[in-house]
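Source: prediction; values computed, not measured. First the proteins, then the strands, lettered A, B, ... as listed; each starts at 1. Computed from heavy atoms alone, side chains included, the values below leave out hydrogens, waters and symmetry copies.
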Amino acid sequence: MYKIRLQEFEGPLDLLLFFLRRDELDIYDIPISRITKEFMEYLHLLEQLDLEVAGDFILMAATLMQIKVRMLLPREIDEKGEEVDPRAELVKALLEYKRYKEMSEEFFFMEANQRKFNYRGNFDEDPKQTTTDYGVLLKNITIYDLIKAFKKVLLDKPAEPVHQIKKWNITIDEQMEYISSKLGDNNQIGFLELMIDLREKIKIVVTFIAMLEMVKAGTIGIRESNKINDFIIYGLANG
Amino acid sequence: MDNIYNSVIEALIFASDDPLTPPEIINAIKEIDGPDNEITEDDIEKTVDELNIKYDQNGIAFTILKIAHGYIHATKPDHAKYVGYLSTEKTKRRLSPASLETLAMIAYKQPLTKPELESIRGVNSDYTLNTLLEKNLVTIAGRAETVGRPLLYITTDEFLKYFGLKQISDLPKPREIEEIMKDEDFLEQKRRIMMSGVEEKAEEEELQSELEQNNEIESELKEDNENTIE
Amino acid sequence: MDNIYNSVIEALIFASDDPLTPPEIINAIKEIDGPDNEITEDDIEKTVDELNIKYDQNGIAFTILKIAHGYIHATKPDHAKYVGYLSTEKTKRRLSPASLETLAMIAYKQPLTKPELESIRGVNSDYTLNTLLEKNLVTIAGRAETVGRPLLYITTDEFLKYFGLKQISDLPKPREIEEIMKDEDFLEQKRRIMMSGVEEKAEEEELQSELEQNNEIESELKEDNENTIE
């Protein structure tokens, strides 16, 4: 039995052409029974595997069977009184198919030739002067279009998180000195009073940290105040 | 360096999608003509200079630029306004994917209001709608009778003309789209499985028939054969 | 036509990534230099011919092709192997026999419906049609006036570009049925019916002429060949 690989056939017509060519059969006198036999053998390979493709092949099998039966019957007569060959339709279909199949081979060579041409790859650096002729560039574009476009860009652009790094113009050491200087004659100061002159949030935070540092180092102490939300900072001698 | 490489280098730079570096050029040549080829980076630099002189002398409208450690072709600045016109024309001609999406929705569901459109697309569609109106691909056809009486959008005759359609009903129907665009992967997979299956099967079959000489079909066909006049 | 336009036309074609049609060139020139400019399509054709002669005489590695109704610069085929090594073209897969067959039928009989196509091919063609639509080699152009009003398929400019044709009428003529009928080739196998045979042969020829001694690339190409998609 002849080994057949399915992917070499684009369909039942292709397969029939293959049989005809392989066995050097005459297309105008197709030995229907022999071809049908070959075809059925092939169909047997296909039928369990793919219904869709097999569908096309089954249709052809049915057609072949029908032709075979009609070959046994007395020939039909056409209007001109000539015998109609039951194979005529099939032959016509085969020739029509072959006609374009041939051209697909031409296409194959055209494709191969065209693949040898390579097109230009990089257009980025071509100097383009686009701004001088406003008439061309801004045709049909109004101020309204402009703000619309601008708005769209703003809307479409997801807000990027901004990580701004700002150098503190203030140090903990400075603020420790600041606290010491504020203790004054009484050697003490209320927390709110200490902070009241500080305008920037960062300064308040740094001063608070400086205060904690000083408490930790034992240079100052903290005690309750009689005011709500306040406390007293007092200096410790010999810190 | 062999002179034929002038032309090879020129072709390589021409066709490259990115600035082409001398090592890449050398690599390509050695890959094709063997590692013994003695072409150097200096040869390439010299070739590029020669090519540029040749372009100049012959009044050719482009040149080879050296940028980012590589070479690329570019048109000379003299014609920048013409080239610029062409490229802006091109970008103006192209519909963005978003516009196309909007256009498709309107085409299939017309007449359609903006709220309906936006509820389908899930995004604000003012911009794409305006683009389409401006390009005269869609137009306004009155107002809906629903609350707020929103404007109704339909496609234009230009739309039909552009897509070669006689009437809106000539658009591919969802059923037809389905048919043509059947899950490709699925079909491809099926085809592959089928092919390898048939191949194996064919080999098996070959063996079997050689050994046994009497599979079902054959006998069936033999019967058939006996009843046939060829 | 003013001689300076030689250079402008050259720059315009060089800077365009798609085949540039004569109307596009004329339009660009008139936009910049005013509508009174008297440049014609014949002028452009003549210019392109002159440019190609100049390129030839000066041994320039590329040429202007007339394809897909327009003009585009392309490398001469001589250096395909070097360029192919570098470019992504090499990985671009060729069309499968089924796709070529389907394309041939649409190209010659366009506009063509799917039922007509399938009756000539004898197989369901959804998958190949979808592939060709996806690759923009064919497109839908309205509906036939026949029963069921099936969609009509035609080839695109991309098709022309892919096969290097200027227009559809430049396709090689298929043989008449009567010619095929008379032809003894049918028995003589001059024409191969199986594409795989043709493919191997073409690949062989290509390899012989292009890649004389390079085994590595040879095997790569063969692999490529095996990977053809529909």
Side-chain angles (χ1 to χ4, degrees), chain A residues 5 7-18 20-22 24-28 52-53 55-57 59-60 91-123 126-129 132-133 135-136 139, chain C residues 11 14-17 31-32 62 65 72-77 79-80 83-84 87 89 92 94-95 97-98 100-105 107-109 119-124 161-165 171-172 174-177 180-181 186-187 189 191-199 202-203 206 210:
Chain A
R5 287 164 65 229
Q7 65 261 50
E8 287 172 0
F9 304 104
E10 296 307 329
L13 290 170
D14 204 11
L15 179 61
L16 285 180
L17 286 175
F18 168 77
L20 292 173
R21 186 182 63 80
R22 186 193 65 196
E24 300 188 0
L25 302 174
D26 184 352
I27 194 170
Y28 312 113
E52 201 168 32
V53 169
D56 304 318
F57 283 81
L59 183 65
M60 178 56 75
V91 170
K92 208 178 126 203
L94 280 170
L95 289 170
E96 176 84 349
Y97 174 76
K98 183 171 159 40
R99 187 170 183 230
Y100 296 107
K101 182 88 187 163
E102 283 179 2
M103 296 325 288
S104 81
E105 293 162 23
E106 294 292 332
F107 277 33
F108 176 82
F109 289 113
M110 281 155 54
E111 180 190 38
N113 283 332
Q114 196 58 24
R115 282 169 73 89
K116 291 180 187 156
F117 290 99
N118 287 279
Y119 300 112
R120 209 187 136 197
N122 194 323
F123 299 87
D126 286 310
K128 296 174 197 84
Q129 198 174 318
T132 50
D133 197 338
V136 172
K139 214 175 198 170
Chain C
F14 197 77
S16 172
D17 54 355
E31 269 305 324
I32 303 297
F62 34 83
L65 297 181
I72 188 167
H73 276 95
T75 54
K76 289 180 179 163
H79 310 305
V83 177
S87 82
E89 290 288 301
K92 208 171 74 186
R94 302 178 75 141
L95 293 175
L100 288 171
E101 200 180 292
T102 306
L103 260 184
M105 285 164 199
Y108 285 104
K109 300 192 82 100
S119 91
I120 304 171
R121 287 192 69 214
V123 287
N124 178 295
K161 190 180 170 195
Y162 189 83
F163 290 101
L165 298 162
L171 279 172
R175 298 193 298 162
E176 293 305 321
I177 295 282
I180 303 176
M181 287 177 77
F186 201 84
L187 305 175
Q189 308 183 16
R191 283 265 174 199
R192 280 152 209 264
I193 285 155
M194 291 189 307
M195 280 306 285
S196 61
V198 177
E199 210 162 319
E203 205 60 53
E206 215 172 283
E210 279 182 17

Is chain A contacted by the side chain of [X], its backbone, both, or neither, given a heavy-atom distance below 4.5 Å?
| X | answer |
| --- | --- |
| C/Ile72 | side chain |
| C/Lys161 | both |
| C/Ser16 | backbone |
| C/Phe62 | neither |
| C/Ala107 | side chain |

Give a yes or no on whether the backbone of C/Gly84 and the side-chain of A/Asn118 come within a donor-acceptor separation of less than 3.5 Å.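 No.
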
Side chain of A/Arg120, backbone of A/Asn122: donor and acceptor closer than 3.5 Å?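 Checked: pair present.
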
With sequence neighbours left out, write down each residue that passes ring-ring contact (aromatic ring centres under 6.0 Å, His included) with A/Tyr97, or none if nothing qualifies.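 A/Tyr97 satisfies ring-ring contact (aromatic ring centres under 6.0 Å, His included) with no residue once adjacent residues are dropped.
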
May I ask you to name which of A/Glu96, A/Glu111, A/Lys92 has the most heavy-atom pairs under 4.5 Å with chain C?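 Top count of heavy-atom pairs under 4.5 Å with chain C: A/Glu111.
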
Under 4.5 Å from any heavy atom of chain C, what part of A/Phe107 do you find: side chain, backbone, both or neither?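 Both backbone and side chain.
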
Which atom of A/Leu13 lies closest to which atom of A/Met60, heavy atoms considered: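 That closest heavy-atom pairing would be CD2-CE, 3.6 Å.
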
Run the side-chain hydrogen bond (donor to acceptor under 3.5 Å, both in side chains) test against C/Thr75 and tell me which residues pass, sequence neighbours left out.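 For C/Thr75 there are no side-chain hydrogen bond (donor to acceptor under 3.5 Å, both in side chains) partners, ignoring immediate neighbours.
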
For the residue pair C/Arg94 and A/Phe108, would you count it as a cation-pi contact if the rule is NZ or CZ under 6.0 angstrom from the ring centre and within 45 degrees of the ring axis?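 Because its charged atom sits under 6.0 Å from the ring centre and within 45° of the axis, C/Arg94 does stack over A/Phe108.
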
